[in-house]
There are 4 protein chains.
Amino acid sequence: MAPRSDEQFEAMRQNTIQRITHSALQLFSEKGYKNTSVAEIAKRAGISKGLIYNYYDSKEEVLKGVIEGFRSMKDEIVQEGVTIENALDQFFMMIEHQIGFVKMMMSFSLDVNEMPIVEEFVHEKAEEGIQLYTPLLEKIGFEDPETEAWFLSTLLQGTAILTIVSHEDYPLEKMKKKIYQRYKINKA
Amino acid sequence: MAPRSDEQFEAMRQNTIQRITHSALQLFSEKGYKNTSVAEIAKRAGISKGLIYNYYDSKEEVLKGVIEGFRSMKDEIVQEGVTIENALDQFFMMIEHQIGFVKMMMSFSLDVNEMPIVEEFVHEKAEEGIQLYTPLLEKIGFEDPETEAWFLSTLLQGTAILTIVSHEDYPLEKMKKKIYQRYKINKA
Amino acid sequence: MAPRSDEQFEAMRQNTIQRITHSALQLFSEKGYKNTSVAEIAKRAGISKGLIYNYYDSKEEVLKGVIEGFRSMKDEIVQEGVTIENALDQFFMMIEHQIGFVKMMMSFSLDVNEMPIVEEFVHEKAEEGIQLYTPLLEKIGFEDPETEAWFLSTLLQGTAILTIVSHEDYPLEKMKKKIYQRYKINKA
Amino acid sequence: MAPRSDEQFEAMRQNTIQRITHSALQLFSEKGYKNTSVAEIAKRAGISKGLIYNYYDSKEEVLKGVIEGFRSMKDEIVQEGVTIENALDQFFMMIEHQIGFVKMMMSFSLDVNEMPIVEEFVHEKAEEGIQLYTPLLEKIGFEDPETEAWFLSTLLQGTAILTIVSHEDYPLEKMKKKIYQRYKINKA
DNA sequence: CATGAATGAGCTTTCATTCAT
DNA sequence: TATGAATGAAAGCTCATTCAT
């Protein structure tokens, strides 16, 4: 019988990679990286332990894969004509829909685990934030827009962490409103 | 040799417990809970591995011990006559001098799902914060003091995490000033 | 496309087998049997892993194939009119040009206890040597030619192993000369 | 209760180390390094897998331990007043009583396993042999004693390997006699 | 005949915990 | 009370082998 075509193989590969990164993200954010075993990732992905090593050289590479997935997804926002409102919308969208990933990244950035890719990513994001917010805040009249950008970052990071940790009690909607107000954004 | 008195034994016990929790706190905040072995704690404490199990039933109990240490230490602040200024001073003191512990607790609250004591502690702290700040903020004229208390918590948590993660870039002093100003506190 | 003829298929088969045994021999002697993976053999042979199992039932069978290749190659020498000089020439030719195979075989005969075919082959070779050398040595006047045959084998095995292990220091040419002299062979 | 004394601990340690190196030597020479698992070593030593790692950092370190054991054992021979007879006696003693270790070392020196300690040891032994034999052979009248030393080494290595491989057929006693005769040693 | 994704047993190693002294 | 040797479950990873196409 003829072997599978390249397209077939590629489709299988992509499907498997999807399953791996998907399960890994779930588990890493649920239980942390250290508390998640490769066996568990495999189990949740519905594949064998060994297969993971067909795609990633190590558990750490799986993590990198997960992060890369997000990295390649983000550049859309940094565009012309973006406003502070867009940026905040974007942030709250993430909080509301990708909280798992956010949790995982926060968890990593606190774990001092000698993972260059994580530190890099976190630094990159922090700097990116400042560089994105500063001109937008200047545009709407802040006198020291860079300091205000750090203030905004502080608020957003605080929002993220409290959303994760005190999910039930935290009045996310009210905070959101207060933050939007600070920047004169009127959400009906 | 004359047998030691009960007091002497008790003093030895307390000393040993001190050494264990002290080393554990250091290591947990340096390397994380999972990355710290019981052997390392013992080594840094200058005692044997076995002795730890004379005082704690498990590594997790050691962690509880560390947390309890902080728990029992905090109630001093919640006193009569305390002002919002005192509370913020207290918080920034912690950020500046106990960042290791803060980091450890944040790390735990993100990482570990199966550690009731940690979640409890984190919740307790969050609630305590709200309950402490609310009346203080009311006193200085905030209309919706509870919402403002959450806003303040958001700011403080954000400050903590950015201090930990972006230590070199984060303009802590400027943030501090902005926060104090918000609450009309004039630090010369 | 016209279906290939049986001869064509057979030629393809032979070609594939060749590539497999060739790569396997190379790798086994470079890195040892245990340190060589089936994947590597396939890669060096330029075929897929699975195809190897079309020709051999297991990695061990591949090894057998390699050995068989040598087995079937040797009988030429044991001919009429052969002299001790021919036999030694043959041996040193092997040392000088097939050291990889020699090394592999030695390695196996020392390493592996559960590979009947290897032990068999080694025994066979040893016995073959004795049976080949004995009459030749008798012809040139040795009183106890069988003992001398063992002595010669000892010398040759020692030469082989030292050539492999102390390649840089071992004075192979001098040893060769001494051995030829012992049997009154005058190589100008 | 008082903890065990230092002497008691040391005795336990020595006993365990003995058991580990003993089992390891046995298994490595029976089945080769790669074919022996740490679990097997532990089982034969009558201890747990984990305990081995209390004494050695890795399986490779266990091997080093085994080799070191022999290394430290050998220097006795290289003494004043030693004769070629003593040296040969020593060698055959080894062949007759330590064949397991010899087999293991030969196996390693053939396995190209990137084990510096093994290669070092083998080289050391080879050179040591030449340097030991050369003056002894000069003393008994050999014209080119260094070349003869290599010839002798060749004979001894050949003897070793044939003893290992063709144990049942190899006429060790006869070879021994022939070798002694070559050096004018008269063993009644 | 040929492919390579997928499996799972087995390997080395780590480490919280136990226990005889 | 104090010690550290000893245990064993579980982790990350490798690789010979299978199988749908």
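The sequence lines fix the lettering, A, B, ..., with proteins before strands; numbering per chain opens at 1.
Under the side-chain hydrogen bond (donor to acceptor under 3.5 Å, both in side chains) criterion, A:Gln18 pairs with no residue, sequence neighbours left out. Every side-chain hydrogen bond (donor to acceptor under 3.5 Å, both in side chains) that A:Lys64 has, sequence neighbours left out, goes to A:Glu61. For A:Glu60, the side-chain hydrogen bond (donor to acceptor under 3.5 Å, both in side chains) criterion is met by no residue, not counting sequence neighbours.
Atoms CZ (D:Arg19) and P (F:dA5) sit 16 Å apart, rounded to a whole Å. Rounded to whole Å, atom P of E:dC15 lies 13 Å from atom NZ of B:Lys43. If you take CG of A:Leu51 and C1' of F:dT17, they are 15 Å apart, rounded to a whole angstrom. Distance NZ (D:Lys31) to P (E:dC11): 8 Å, rounded to an integer number of Å. Going from atom CD of A:Glu40 over to atom P of F:dC13 covers 15 Å, rounded to whole Å. As a whole-Å value, the separation of D:Ile41 CD1 from E:dG10 P is 18 Å. Rounded to whole angstrom, the span from the CD atom of D:Glu7 across to the P atom of F:dG4 amounts to 13 Å. Here E:dT3 presents its C1' atom at 11 Å from CD of A:Gln8, a figure rounded to the nearest Å.
Ring geometry for C:Phe108 versus C:Phe28: interplanar angle over 60°, hence perpendicular rather than tilted (30 to 60°).
Within the structure, every side-chain polar atom (N or O) of C:Thr16 is placed at least 4.0 Å from both OP1 and OP2 of E:dC1. Side-chain nitrogen and oxygen atoms of C:Tyr53 include none within less than 4.0 Å of the OP1 or OP2 phosphate oxygen of E:dA2. For B:Arg13, a side-chain nitrogen or oxygen approaches OP1 or OP2 of F:dT1 to under 4.0 Å.
For DNA chain F, the residues of residues 56-64 of chain A within the heavy-atom distance limit of 4.0 Å (strictly under) are A:Ser58, A:Lys59, sorted by number.
Toward the 5′ end of DNA chain F lies the nearest nucleotide of D:Phe9, the other residue of the pair D:Phe9 and D:Ile47 mapping further downstream. Comparing C:Thr36 and A:Ala39 by the nucleotide of DNA chain F that holds the closest heavy atom to each, the one mapping nearer the 5' end is A:Ala39. The residue among C:Tyr55 and A:Ser48 whose nearest nucleotide of DNA chain E is located toward the 5' end is C:Tyr55.
Considering only heavy atoms from C-beta on, D:Val62 stays 4.5 Å or farther from D:Tyr55 through its side chain. Residues A:Lys34 and B:Tyr33 fail the side-chain proximity criterion, which asks for heavy atoms closer than 4.5 Å. Contact of the C:Met105 side chain with the C:Phe70 side chain is not registered, since no non-hydrogen atoms from C-beta on lie closer than 4.5 Å.
Donor-acceptor pairing under 3.5 Å, judged by distance alone, is present between the side chain of D:Asn54 and the base of F:dA6. Below the 3.5 angstrom threshold, one finds no donor paired with an acceptor across the side chain of A:Lys34 and the base of F:dG12. Residue side chain C:Lys49 reaches the base of F:dT17 through a donor-acceptor N/O pair under 3.5 Å, judged by distance alone.
For the side-chain contact (heavy atoms from CB on, under 4.5 Å) with C:Tyr56, the lone residue among C:Leu51, C:Ile20, C:Leu63 that qualifies is C:Ile20.
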| task | Evaluate side chain to side chain donor-acceptor pair (under 3.5 Å) for B:His22 paired with B:Gln26, printing each intermediate quantity in order. | result | CA-CA 6 Å; B:His22 192 76; B:Gln26 274 185 20; 3.3 Å; yes

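Annotated stems with DNA chain E as a participant read E:2-21 with F:2-21, given as range with range, by first number; only runs of 3 or more Watson-Crick or G-U pairs under 3.5 Å qualify.
For residues 35-53 of chain A, every residue pair satisfying the salt bridge (Lys or Arg N to Asp or Glu O under 4.0 Å) rule, not counting sequence neighbours, is listed here: A:Glu30-A:Arg44, A:Lys31-A:Glu40.
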